[in-house]
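As the structure is a computational prediction, the values presented were derived from the model and not from experiment. Only this structure's heavy atoms are used, side chains among them; waters, hydrogens and symmetry mates stay out.
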Amino acid sequence: MVMEMSPLARGRTAARIAAADTLRELPKRRPQAAAEPSAEVIWELVDVDRYEIREAAVVLGYVDVVGAVFVALSGPWYASAVEVRQTLRFEEAVDVLRGAHRR
């Protein structure tokens, strides 16, 4: 027995495929160079696609690299960090974490 998808389900599937194709067209992100030790904000690659962002000794949050998108996660522990922004610019993700920490 072959089951056909409803028109609504076909539309959602087509939209997901189109979105995935669009994301594949965006350039992959290369690792950011480590921040200078004397910089106000320090970031360090702590996993294959994850940066820890610190200001002095305080962890502001994390930036995950997902394809071409930088996902800013606010909080001192990755397991409980909360997503606050998705952006195509690493610097913007860092700025968002600085602003979220000051609130």
Distance (rounded to the nearest 0.5 Å) between Leu97 CG and Arg54 CZ
13.0 Å

Residue set satisfying salt bridge (Lys or Arg N to Asp or Glu O under 4.0 Å) with Glu83, at least two apart, ordered chain then number -> none

Working for side chain to side chain contact (heavy atoms under 4.5 Å, CB included), residues Val41 and Arg98
CA-CA 9 Å; Val41 176; Arg98 292 181 78 192; 3.2 Å; yes

With a 4.5 Å cut-off on side-chain heavy atoms, are Tyr78 and Asp64 touching?
yes

Nearest heavy-atom contact between Ala100 and Ser74 is CB-OG, 3.8 Å

Modelled atom types, side-chain donor and acceptor of Asp47 and Tyr62, under 3.5 Å
no

Rounded to the nearest 0.5 Å, how far does CG of Leu73 lie from CD of Glu52?
12.0 Å

Would you say Phe70 and Leu88 make side-chain contact, with heavy atoms under 4.5 Å?
no

Any heavy-atom pair between the side chains of Val71 and Val63 that's under 4.5 Å?
no

Answer whether the closest heavy-atom distance between the side chains of Val65 and Tyr51 falls below 4.5 Å.
yes

